[in-house]
Amino acid sequence: MDISFILDDLNDAQRQAVTLDESHGLILAGAGSGKTRVLVHRIAWLTKVMGYSPYNILAVTFTNKAANEMRGRVENLIGQQAGGLTMGTFHGIAYRILRQHYQDANLPNNFQILDADDQKRVLKRLLKAMELDEAQWPVKQVQAFINGEKEEGRRPHHIEIGHNPYVAKLVEIYKEYEELCQRGGLVDFAELLLRAHELWLKKPHILGHYQARFRHILVDEFQDTNTLQYAWLRVLAGASGKLFVVGDDDQSIYGWRGARVENIRQFDQDFAGTLMVRLEQNYRSTGTILKAANALISHNDSRMGKQLWSAGEEGDPILLYEAFNEFDEARYVTSQIENWVEQGGQRDEVAVLYRSNAQSRMIEQALMQAQIPYRVYGGLRFYDRAEVKDVLAYLRLVVNREDDAAFERVYNHPPRGIGQKTADSIRQVARDQQISLWQASQMLLENSLKARAKTAVQGFIDLIEQLQDALHAQDLEQQFVKTISLSGLQAHFEKDQSEQGQGRLENLDELISAAAQFDNRAKQQTAAGINTEESVMAAEDESVRLDGTTLIDNPEQSTLEEFLAQSALEAGEQQADAWESCVQLMTMHSAKGLEFPLVFMIGMEEGLFPSQQSQEDASRLEEERRLAYVGITRAEKQLIMTFAQRRRLHGSEFFPVMSRFIKEIPPEYIQEVRLSGRVQPTMEREGSAGFTSSARQNETGFQIGERVSHAKFGDGIVLNYEGSGEHARIHVNFTEFGSKWLVLAYARLEKR
DNA sequence: TGGACCAATCTTTTT
DNA sequence: GATTGGTCCA
């Protein structure tokens, strides 16, 4: 058999990884070293050469995007056979397993997924019901605690309380939250994994099935796994399954959300007979960029060790620009992008990377002014939008009346006269009786409710019942159309003539067409069902079935339920103006896995990057350094770093120092930019437009050193001023209150 | 019930 | 400084 199509375009290290024998594999894949290629070719090798059925292979990723890309590339390589592979995110796969064995997992068959936002709302309500002060028990912290414990695999009874009353209370909340979710058939993200893990431990025959089935488990971005995911993989692999994990300890940047670099560092100790392969040849960046990256990351201790190299050109030095302030920084970035385009470059070949989202604003303004189209990554994605979630909540309630999270979201949205008091009494009854809000409403209807409230609540109950009837025997698209109109959401948003209201209506239309599309695909899948059935038969054990390819083809689940699950598990791409070539703006975190010919790293300053909060702790600082490493290695041809002498942040002025990460790059790879016609910093003042550097004009009417007085702060001396018009601000050192920046228009300063 | 006003907050984010 | 969440009032 001709296997050249699998091996021909691989380098030695890649080939070694792809052709590993029956052992565990740990592939240390540097940035741009072809890690996806190795995964894809490994799958081809296993199926075409080693003779494994696609049904014996599981490939796990963190994001849907990665899963989709892998599936596409495997299909290109091995064609139709790829359909039999089980591929997906940790959460997606856990979900399918729970669906398949919902009874054994002690879940109702219509259980719903609670996304992070829903979870927060549920917790908020719970804290209120438990009469806990929100200032003392911030929802965010409680949420982080519960998710953190779940991700460590701990239930409330596992947690060591000791004599800590604070922890004791958190555990109590965790416990109540758990009961609430169980009653409502609600499963949050961490719960998906934890339940699946517990299911395996409790039901050996189910575990045995999956262990027998998944002979080879491939994992992408292994450095990002948390404790639970690691345990999950370990249990699944069992004594005979083979793990093939690909990752890069130097690119571990999610420690703050539970990822453990230790998982990749200690892998070969936990899995005997692991063969390690290093992929160090980089196909992305110039020699200079790689050397700079290598030098930077070598400042971290406890690395597994890796040196990226390239057979390509050395390329241009990294450019370093010291801006006067953030305006100047943005202006410089913009002018460089204009140069790039003038010299024949494309706008979408350019990425501007920053540490925190707040930094995008300046760049956006400058790009807008220069009329350069751009796209900002991050922010709300489609299924996260409020109006979309509203519609989904109605449907969730139709599917599962016990879903309190959905009930809370829509019982009075759009407004239908169920006020605070009525809602409170419903919640009270629900809590006292340990029943759902839905049941509590019905109970209240039977006895104590004033006429007006009664009509309102009855109206809502009738609406949901009516919706259910209306949806019966309709296709998915019609179900959404009906829901949007009957719920009153349509009319509600139509009333809003603003741009925002119009946008919401458009999103609802978009949701309808997403539903139509999903339905079509579902029907196609069913039509091709014979094929699927055959392949399922090929699996070794029919006693427990897992449909590996899709969520479809589960007779107990309606298309609507499938759609609801998918919308929770895949928040959806945020729409981009696809037809226009855009400059890409994003955080360094979201840049991981991407590459661009021209990359800017802006705000390279102590306090910003590395961020203030990471300065003290050595391990967090190392993570920041890895983030810088990720940023640098995104660049293919040219890397430009900038920092500013002064920067306005959170409303006040700072004078930052250049980031240590720049100093950690040997100077021979860096070229400092000096602009010939640059305005002297002391002379430079920003007008209200922000990007003109005219000489200082004093529009304030005050002089530096002048004595002034303020109604609240008393007497002081003018230190400085800036801006003009209504943005003009003045810096005053008050005798009693110290120095403050005041907006001149509001301060009503008086001369003394 | 919605608008207006005030206070608190300000890494990074996928599922 | 800008956003967000909460509270207060017509």
Side-chain angles (χ1 to χ4, degrees), chain A residues 60-67 88-95 113-121 124 128 134-135 138-140 144 147 150-151 187-194 221 224-226 228-229 252-259 326 353-362 365 377-381 383-384 412-420 456 492 495-496 565-573 586-593 603 607-615 620 623-624 626-628 630-631 647-653 723 726-727 729 741-743 746:
Chain A
V60 195
T61 62
F62 276 85
T63 65
N64 291 294
K65 197 176 154 203
T89 62
F90 277 102
H91 294 86
I93 290 164
Y95 171 74
I113 298 168
L114 212 57
D115 71 20
D117 185 56
D118 296 333
Q119 183 187 35
K120 204 162 156 190
R121 286 160 178 270
K124 206 166 197 170
K128 210 164 223 170
E134 276 200 56
V139 195
K140 265 185 146 172
N147 290 339
K150 285 189 180 184
E151 277 159 10
V187 176
D188 62 46
F189 286 133
E191 185 76 26
L192 284 170
L193 289 169
L194 187 52
E221 305 276 19
D224 288 338
T225 50
N226 61 33
L228 181 55
Q229 287 158 338
S252 163
I253 54 174
Y254 287 111
W256 51 274
R257 67 173 196 213
E326 70 268 29
L353 309 184
Y354 34 80
R355 177 64 240 264
S356 77
N357 284 307
Q359 289 170 264
S360 76
R361 211 186 87 246
M362 276 297 136
Q365 280 180 21
Y377 273 69
L380 275 193
R381 275 141 340 134
Y383 289 111
D384 288 337
N412 199 32
H413 180 65
R416 52 174 65 88
I418 306 178
Q420 203 59 55
H492 179 70
K495 266 194 298 188
D496 185 354
Q566 193 215 253
S567 62
L569 286 169
E570 284 183 56
E573 278 287 299
M586 65 189 87
T587 64
M588 293 192 223
H589 279 92
S590 33
K592 194 170 78 154
L608 253 187
F609 192 32
S611 83
Q612 196 61 53
Q613 292 94 320
S614 313
Q615 305 258 357
R620 293 179 69 183
E623 184 157 309
E624 293 280 305
R626 292 194 291 265
L627 185 58
V630 167
R647 182 178 296 275
R648 179 178 299 274
L649 246 181
H650 313 316
S652 48
E653 195 100 284
E726 55 180 333
H727 299 296
R729 303 196 326 144
W741 279 99
L742 303 170
V743 177
Y746 304 112

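Remember, predicted model here, so these are calculated numbers, not experimental data. The chains referred to below are lettered A, B, ... by the order of the sequence lines, with proteins before strands, and numbering in each begins at 1.
For the pair A/Leu649/A/Gln612, no side-chain contact is recorded, criterion being any heavy-atom separation below 4.5 Å from C-beta on. When side chains are defined from C-beta on, A/Asp188 counts as touching A/Lys150, because their heavy atoms get closer than 4.5 Å. A/Asp384 places none of its side-chain heavy atoms less than 4.5 Å from the side chain of A/Asp117. Within the 4.5 Å cutoff, no side-chain heavy atoms of A/Val60 are placed close to those of A/Gln229. A/Arg361 places a side-chain heavy atom less than 4.5 Å from the side chain of A/Gln365.
Side chain of A/Gln615 to backbone of A/Pro610: a donor-acceptor contact under 3.5 angstrom is found.
Here the separation of C/dG5 from B/dT12, taken at their P atoms, is 15 Å to the nearest Å. Taking atom C1' on both nucleotides, B/dT11 is separated from C/dG6 by 24 Å, rounded to a whole Å. Rounded to whole Å, the separation between the C1' atoms of B/dT14 and C/dT3 comes to 23 Å.
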Its dot-bracket string being built from Watson-Crick and G-U pairs below 3.5 Å, with | for another strand and [ ] for crossing, DNA chain B has the pattern ||||||||||.....

Kindly give the atom pairs (protein nitrogen or oxygen, nucleotide nitrogen or oxygen) under 3.5 Å for nucleotides 2-6 of chain B.
none

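A/Asn412 is linked by a side chain to side chain donor-acceptor pair (under 3.5 Å) to nothing, counting only residues two or more places apart in sequence or in another chain. Under the rule for a side chain to side chain contact (heavy atoms under 4.5 Å, CB included), the partners of A/His589 that lie at least two apart in sequence or sit in another chain are A/Ile253, A/Tyr254, A/Trp256, A/Arg355, A/Thr587, A/Leu627.
Counting any heavy atom pair closer than 4.0 Å across all strands shown, A/Gly417 reaches sugar-phosphate atoms only and no base atom. Within 4.0 Å (heavy atoms only), A/Asn412 reaches sugar-phosphate atoms of the nucleic acid but no base atom.
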Quick tally for nucleotides 2-10 of chain C: nucleotides whose base has a protein heavy atom under 4.0 Å get B, sugar-phosphate-only ones S, the rest -, giving ---SS----

Letter by letter from the 5' end, nucleotides 8-15 of chain B scores (B base, S sugar-phosphate only, - none; protein heavy atoms under 4.0 Å) --BBBBBB

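Across all non-hydrogen atoms, the minimal contact from A/Ala456 to A/Gly417 is CB-O, 3.5 Å.
One finds the CG atom of A/Leu353 at 10.5 Å from the CD atom of A/Gln359 (value rounded to the nearest 0.5 Å). The OG1 atom of A/Thr89 lies 8.0 Å from the CD atom of A/Glu570; values are rounded to the nearest 0.5 Å. We find the NE2-CZ distance between A/His91 and A/Phe62 to be 9.0 Å, quoted to the nearest 0.5 Å. To the nearest 0.5 Å, atoms OG1 (A/Thr63) and NZ (A/Lys592) are separated by 9.5 Å.
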